[in-house]
Amino acid sequence: MKSEPTDFSIDDLEKAPKQTIDWYGIRNYQARNFMRDDMSLGDLAFFYHSNCKTPGIVGIMTVSKLAYPDRLQFIKDHKYFDSKSPPDNPRWLNVDVKFVKKTKLLELKDIRNYAELKDMRILQRGNRLSITPVSPEEWHFIYSLIA
DNA sequence: GCCAACGTTGGC
DNA sequence: GCCAACGTTGGC
């Protein structure tokens, strides 16, 4: 799960109340569907810093609440307001995630270098999704490297 | 700041 | 339903 550290970083998550945050602002259907359809309570996720000097994995968090309507879509004048999202059938959802631990930084350029990780969704050409699945094999490989 | 690669929008 | 124009993402 990607976040720009200038917007919300792993340190922000560690310092957040209950070390938990609603993963707000996802406005892409595929990324939304990953949260809605493929995440269960207790699932683990890598926290990835994007659009920064050294993009890469910086920590681990866990899904602490299943997908529910993103509250920001209904707040007029908010950056994430969506006038086309009907309150009785909200278009955008988010899960809650809870801090687990910081890890050693695994830079994107290093992710690219491991043959074991060459099929990761995040590396696929033109990938712009801020939430992508990680296979069990990829998870264990990365975990043993950095955690 | 640039720009490739997408996703979305809206006219037709 | 097509597709051009536009907006966004995110590495570099």
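Model, not experiment: these values are computed from the prediction.
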Touch class at under 4.0 angstrom, heavy-atom based, for A:K84 against every strand present: sugar-phosphate
Minimum heavy-atom distance A:T20-A:S64, with the two atoms named: CG2-OG, 3.8 Å
N/O (side chain, A:Y29) to phosphate O (OP1/OP2, B:dC6) under 4.0 Å: no
Protein-nucleotide distance (A:F8, atom CZ; C:dG10, atom P), rounded to Å: 17 Å
Heavy atoms from other residues, nucleotides or ligands near CZ of A:F81 exceed 12 (cutoff 6.0 Å): yes
Side-chain-base donor-acceptor pair under 3.5 Å for A:R27 and C:dT8: no
Between C1' of B:dC6 and CD of A:Q30, the distance in whole Å: 11 Å
Between B:dC3 (C1') and A:R128 (CZ): distance, integer Å: 12 Å
Contact summary for A:R128 and A:K2, nearest pair of heavy atoms: C-NZ, 4.4 Å
Residues clustering with A:I26 (ILVMFWY side chains joined when closer than 4.5 Å, directly or via others): A:M1, A:F8, A:I10, A:L13, A:I21, A:W23, A:Y24, A:F34, A:M35, A:M39, A:F47, A:V58, A:M61, A:V63, A:L72, A:I75, A:Y80, A:V95, A:V97, A:F99, A:L105, A:L129, A:I131
A:K2 side-chain N/O to C:dT9 phosphate OP1/OP2 under 4.0 Å: no
Atom-to-atom span, CG of A:N127 to C1' of B:dA4 - whole angstrom: 13 Å
